[in-house]
Q: 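My structure is below; once you've seen it, I'll send some questions.
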Amino acid sequence: PKPSADPPATTVKSYACQRRTPLKHHNTFLTDALEILAENAEFNENEGRSVAFRRSASVLKALPHVVRGMDDLKNLPCLGEHSVRVIKEILEDGTSSEVESTRQSEQYQAMKALTGVFGVGVKSADRWFREGLRRPLDLIHTGQKLNLAQQAGVQYYNDLNRPVTKREAVAISHIVEKAVNAVLSGAIITLMGGFRRGKEVGHDVDFLITHLEEGAEEGLMPKVLNWLEEQGLLLYQKTTRNSYLESKDGPARPPHNLDRFERCFSIFKLEKGKEGSGTSLNTSYDSGTTEGITGTTEQPGPSWRAVRVDLVVSPFSQFAFATLGWTGSKLFERELRRWAGQEKGMSLSSHALYDSKQRYLRANSEEEIFAHLGLEYIPPSERNA
Ligand code: CTP
Ligand code: MN
Ligand code: MN
Ligand code: MN
């Protein structure tokens, strides 16, 4: 076949939520490079730059072929001048000097290592970097004041930076089902995030919990957490309201939703071998606080590992929005909200969709939300933007 002499009219839509993006694509050699630059921009708190690189990478993920030359980039949306320069360098020289020097830079490496600690964000990592810290262990050696999340992050650093397998995610699902069923019958538990999109590994396991009977889910989270703690299955947990509730630019919403949408960032203790059996002999924990590290003297050994788990409870009326919002990818979500706002004058969140006249648009499925937004339905496995 003739290479790119007569390039096929590959039309790529400009919003990621208008395109199908499979998990495995043809241009990893380019997207990995662009995503290093995106990550580095995040470390420098340059969000605009970071999003620009992520959008460029995402366009290449949606292509049905390998990019072999600059001609293949013709008519593609979202490719800014900087991204094009990086791509050109890689196509011509095999590597990009900017990407390689970023990858090797002390700042990038330290920020990567420090933000790799659960509970450590870019701001703290940057402050520590400027104080001369480079590795997670430096936090201990220099006696930094750490919050409970960060303490757990350091304690379980190795486990939490080891990918969670699909098999482990299924084992965690069984534990979560057992916990939820123990405190409320008839709840629906759905695996979200990367695993719902078909990933084989993840950095955590995400669950959305709801109940057909509106209101039955209220107060569920603390009960589930108590059950898990009693079984010795929780190493850390922190329950918070959805950040949506605090966002100033969120849409108007009924006040009765205010306390209903809870999420929990947690670390589970997963027994190896007898995965899913649901019990552990180690039950030392502090039940008196809403945030706590349990079993602080324990270290992951041959018999168990620590796994990051996110739990979200949604009332059934918001379940479709919560499902769409927690499936990801992060860029896909961002693009959905941007599409809603910029193209439709609507406002989309994990709770609701409001039209340009601030009218609430009901939806019982993800398909209905895409339809409200005037978008073709994209299944979860094609949302890997
Ligand atoms: N999410 C969110 N608010 C957060 C964290 C995550 O709404 N503070 C949503 C994201 O928008 C995403 C989903 O939760 O849709 C899953 O996020 P995350 O677990 O961080 O990423 P995954 O896509 O699951 O990838 P990974 O395998 O790395 O976990
Ligand atoms: Mn393909
Ligand atoms: Mn996840
Ligand atoms: Mn998550």
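Just so it is clear, the values below take in all heavy atoms, side chains as well, and ignore hydrogens, waters and symmetry mates. Order of listing sets the numbers, starting from 1, for every ligand and every atom in it.
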Q: Would you say Gly325 touches ligand 1, if touching means a heavy atom closer than 4.0 Å?
A: yes
Q: Using a strict cut-off of 4.0 Å, indicate which atoms of ligand 1 neighbour a heavy atom of Thr327.
A: 15 (O)
Q: Thinking salt bridges, do Lys330 and Glu333 make one under a 4.0 Å N-O criterion?
A: no
Q: Salt-bridge test for Arg359 and Asp355: reply yes if a basic N is under 4.0 Å from a carboxylate O, no otherwise.
A: yes
Q: Quick one: do Thr190 and Thr323 satisfy side-chain contact (heavy atoms from CB on, under 4.5 Å)? Show the steps, please.
A: CA-CA 9 Å; Thr190 318; Thr323 302; 5.8 Å; no
Q: Going from CD on Gln237 to CZ on Phe268, what distance comes out if it is rounded to the nearest 0.5 angstrom?
A: 10.0 Å
Q: Do any N/O atoms on Ser329 end up under 3.5 angstrom from N/O atoms on ligand 1?
A: no
Q: Can you name the atoms of ligand 1, numbered from 1 with element, that are less than 4.0 Å from a heavy atom of Lys199?
A: 25 (O), 26 (P), 27 (O), 28 (O)
Q: Main chain of Ala385, side chain of Ser329: is a donor-acceptor contact present, judged purely on distance under 3.5 Å?
A: yes
Q: What about Lys330: any of its N or O atoms under 3.5 Å from an N or O on ligand 1?
A: yes
Q: Does the distance from a Lys or Arg side-chain N to an Asp or Glu carboxylate O, for Glu335 and Arg55, drop under 4.0 Å?
A: yes
Q: Do Lys123 and Glu45 sit within salt-bridge range, that is, some charged N less than 4.0 Å from a carboxylate O?
A: yes
Q: Which option out of Gly328, Gly194, Pro163 puts a heavy atom nearest to atom 24 (O) of ligand 1?
A: Gly194
Q: Does the distance from a Lys or Arg side-chain N to an Asp or Glu carboxylate O, for Glu42 and Arg49, drop under 4.0 Å?
A: no
Q: For Met192, is the nearest heavy atom under 4.0 Å from an atom of ligand 1?
A: no
Q: Which atoms of ligand 1 are found less than 4.0 Å from any heavy atom of Gly202?
A: 27 (O)
Q: Please work out which of Arg308, His203, Arg383 has its closest non-hydrogen atom nearest to atom 28 (O) of ligand 1.
A: His203
Q: Taking the basic N atoms (NZ, or NE/NH1/NH2) and the acidic carboxylate oxygens, is any pair closer than 4.0 Å for Arg308 and Asp310?
A: yes
Q: Rounded to the nearest 0.5 Å, what separation is found between the OG1 atom of Thr210 and the CD1 atom of Ile189?
A: 10.5 Å
Q: Just jot down the ligand 1 atoms closer than 4.0 angstrom to any heavy atom of Arg197, in number order.
A: 23 (O)
Q: Does the distance from a Lys or Arg side-chain N to an Asp or Glu carboxylate O, for Glu343 and Arg338, drop under 4.0 Å?
A: no
Q: Taking the six-membered ring of Trp304 as reference, does the cationic atom of Lys269 (NZ for Lys, CZ for Arg) lie under 6.0 Å from its centre and within 45° of its axis?
A: yes
Q: Within less than 2.8 Å, report the number of protein N/O/S atoms around the Mn ion (ligand 3).
A: 2
Q: Would you indicate which of Trp326, Phe265, Phe332, Phe195 comes nearest to atom 7 (O) of ligand 1 when only heavy atoms are counted?
A: Trp326
Q: Looking only at heavy atoms, is any part of Asp204 under 4.0 Å from ligand 1, and if so is it the side chain, the backbone, or both, or is it neither?
A: both
